[in-house]
Amino acid sequence: MSAEFNFVDALREVAQARNINEMQLIEAFEQSLAQAYTRNVEPDKRVEVHLDPKSGELEVLVIKEVVEKVEDENVQISLADALELDPGVELGMEMEFPVEREKFTRIALQAAKQTLTQKMRETERNVVFNEYKDKEGQVLTATVVRMDNKGNIFVELGAGEAIMPPREQIPGERLLNGNRVKIYLKEVRKTPKGPTILASRADERLLEYLLRQEIPEVAEGIVEVKAIAREAGQRSKVAVWSRNSNVDPIGACIGHRGNRIQAVTGELGRERVDVILWDPTPREFIRNALSPAKVGLIEVNADRKEATVTVTGDQLSLAIGKGGQNVRLAAKLTGFKIDLKETQAIQDLDAALAQAMQDEDEPRETTTGARAAFDALFKDSKTVASATPEGDTELND
C-alpha cells in the first residue's frame with residue numbers, strides 16, 4: 001500500500017508545482033491507466049480505474065452488464081451467473097470485477113505514464129489559456145527571456161510565455177534578456193501546440209494605459225482621451241478633452257515642466273507624444289490635429305470624411321512633417337482624409353484685402369477685378385500632400 005501512497009504524494013507534488021488542480025490530475029491518471037490497460041492487457045474488455053486520493057488505494061475493475069443471454073463475454077454476464085455472485089442483482093445492472101494486481105504489467109503502466117504526461121500538458125495549457133484569456137486587453141509587466149532568428153521576442157508573464165513579433169515591437173528599441181517591460185496583452189488563442197499569447201508594445205492602448213497611470217485627471221475621468229494615433233517609437237498624437245471647464249486638459253497631461261508626459265514617453269523609448277485639444281467640430285479638430293502647423297481655410301465634407309486644408313508656404317513643412325508623418329497622424333486621429341494645399345503667403349492676402357477696400361468707390365468693373373484677384377489667392381493653390389486615416393500619405397511636387 002505504501003507504493004500507492006507514494007504515488008499519490010507524487011501526483012500531489014506535481015499538481016502543486018505546476019498549478020494544476022489535484023483532482024483533475026488524478027482523474028487524468030485514472031483515464032490514462034484504463035486506456036493503457038485495455039490497449040495492452042485486455043483489449044476487448046470495459047475497464048475502469050479508481051485511485052483513492054486519501055488512502056492511495058489503486059483499483060482496476062472490469063465492468064460487465066447483467067443480461068438474460070450473453071452475446072459478448074468480455075462486457076456481459078448472464079443473470080444466472082450474476083445471481084450466484086450477488087443475489088441482489090437485476091437485469092441491466094453493472095457488476096465490477098477487480099483485476100489482480102499482477103496483471104498491471106509494466107507496459108500498461110508505462111503507457112499510462114505517457115498518456116498522463118500528455119494530459120498533464122493539456123491541463124497546463126488550459127490553465128494558462130484560462131488565466132490569460134481573462135487578462136486579454138490588459139497591460140502587464142513582463143520579463144524578456146529570449147529572441148528567435150525571425151526577430152520575435154518572447155516575454156515571461158508568470159505561468160505563460162508571450163510572443164511579441166516585430167510588428168508589435170517599438171522600432172529601434174533594444175530589449176535584452178532580463179529586461180522588465182510593460183506589454184499590452186493583445187490576443188490569447190488556442191492552437192494545436194498550446195495557447196499563443198500575443199504581446200505588443202506598439203499598440204495605441206499601451207499609450208492610453210500609461211496616460212491613465214501617470215495623469216490623475218485621466219485616471220479619474222476628469223480629462224478624457226478621445227483619440228490616439230501612434231507610430232510606435234517615433235511620434236504619437238493624443239486628443240484630449242476636459243469634463244471640467246476649470247481643468248486644462250493639455251496642461252494636465254503635460255504636467256509641471258513636462259514631467260507627466262516625460263514619464264509616459266520614458267516608458268516608450270522616448271517616443272514623442274503630442275497632446276492636442278479635441279473638438280466636436282471636425283474643422284476645428286482637424287486644425288488642432290495638424291499642430292504645431294498653423295493652417296488656413298479648411299473645407300470639410302463630413303459625409304465622405306474628407307477635408308481640404310489650405311496652408312501657407314512657411315507652415316507647409318510643419319503641416320506635412322518628416323516623411324509625411326504629421327499629416328498622416330492627423331488623418332488617423334481625426335478619421336478624415338486630409339489634403340494639404342499650398343497657397344500664397346498671408347501678407348499677399350492682406351494686400352488683396354486692402355486693395356479691395358481701396359477700390360470700393362471705383363467703377364464696378366474694377367471692383368470685380370480686385371475681388372477676382374482676391375479669390376485667386378485660394379484658387380491658385382495646389383495640392384502638396386494628402387493622408388488617409390489608414391495611414392497612406394502622398395507627397396506631390
Side-chain angles (χ1 to χ4, degrees), residues 139 164-175 181-184 186 199-215 218 223-241 249-255 257-279 284-295 298 307 309 311 314-340 384-395:
V139 172
M164 187 160 55
R167 70 178 183 276
E168 300 296 344
Q169 299 170 23
I170 296 177
E173 183 177 50
R174 189 182 179 194
L175 297 178
V181 292
K182 286 185 171 61
I183 58 96
Y184 176 75
K186 197 163 187 175
S200 176
R201 279 182 58 75
D203 197 281
E204 287 88 352
R205 286 162 288 194
L206 175 59
L207 174 53
E208 184 178 3
Y209 169 86
L210 294 172
L211 290 168
R212 289 199 305 270
Q213 287 291 105
E214 301 295 339
I215 303 163
V218 174
V223 172
E224 185 177 350
V225 177
K226 287 287 191 178
I228 295 177
R230 186 178 179 208
E231 293 190 0
Q234 298 180 42
R235 188 177 178 185
S236 297
K237 284 181 180 285
V238 179
V240 295
W241 177 73
I250 295 178
C253 291
I254 293 175
R257 295 184 178 178
N259 63 330
R260 289 179 174 179
I261 205 66
Q262 285 172 12
V264 172
T265 60
E267 180 63 43
L268 302 175
R270 312 313 302 177
E271 179 178 315
R272 177 181 171 184
V273 178
D274 297 341
V275 183
I276 67 112
L277 184 64
W278 177 81
D279 196 289
E284 293 308 311
F285 188 22
I286 292 168
R287 185 183 304 279
N288 295 343
L290 285 167
S291 64
K294 296 178 180 179
V295 301
I298 300 177
V309 181
V311 189
D314 62 327
Q315 294 293 307
L316 185 59
S317 61
L318 273 177
I320 296 174
K322 184 178 179 181
Q325 190 177 67
N326 193 61
V327 66
R328 187 166 59 244
L329 286 172
K332 286 182 182 178
L333 193 72
T334 61
F336 276 74
K337 180 181 184 295
I338 298 176
D339 289 328
L340 296 180
V384 291
S386 64
T388 66
E390 289 73 26
D392 297 328
T393 303
E394 295 181 1
L395 301 177

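In what follows, every heavy atom counts, from backbone to side chain, and hydrogens, waters and symmetry copies are set aside.
Taking each heavy atom of R201 and I170 in turn, the nearest pair found is O-CG1, 3.4 Å. Here the shortest heavy-atom pairing between A387 and A331 reads O-CB, 3.6 Å. Closest of all the heavy-atom pairs between P171 and A232 is CD-O, 3.2 Å. In terms of heavy-atom proximity, K186 sits nearest to S200 at CD-CB, 4.2 Å. The two residues A199 and M164 come nearest to each other via the heavy atoms O-CG, 3.5 Å. I286 and F336 get closest at one heavy-atom pair: CD1-CG, 3.9 Å.
Side-chain atoms of V223 and C253, non-hydrogen and from C-beta on, do get closer than 4.5 Å to each other. Within the 4.5 Å cutoff, no side-chain heavy atoms of I183 are placed close to those of L206. Using a 4.5 Å heavy-atom threshold, the side chains of I250 and V240 count as touching. A heavy-atom distance below 4.5 Å is found between the side chains of E231 and R328. The shortest distance between side-chain heavy atoms of K182 and Y209 falls below 4.5 Å.
Under the 3.5 Å distance criterion, the side-chain polar atoms of N288 are left unmatched by any main-chain donor or acceptor of I276. Between the side chain of Q315 and the main chain of K294, a donor-acceptor pair closer than 3.5 Å is present. Proximity of a side-chain donor or acceptor of K237 to a complementary backbone N or O of S291 within less than 3.5 Å is detected. In terms of modelled atom types and a separation under 3.5 Å, the side chain of N326 and the main chain of A319 share a donor-acceptor contact.
Between R205 and E208, none of the side-chain N atoms (NZ, or NE/NH1/NH2) sits under 4.0 Å from a carboxylate O, so this pair counts as no salt bridge.
Atom CH2 of W278 sits about 8.0 Å away from atom CD of E224, to the nearest 0.5 Å. D279 CG to T334 OG1: the interatomic distance, rounded to the nearest 0.5 Å, is 12.0 Å. Here the straight-line distance linking atom CG of D274 with atom CZ of R235 works out to 4.5 Å at 0.5 Å rounding. Residue T265 holds its OG1 atom at 10.0 Å from CG of L207, rounded to the nearest 0.5 Å.
Not counting sequence neighbours, the partners of E271 by the side chain to side chain donor-acceptor pair (under 3.5 Å) test are R230, S236.
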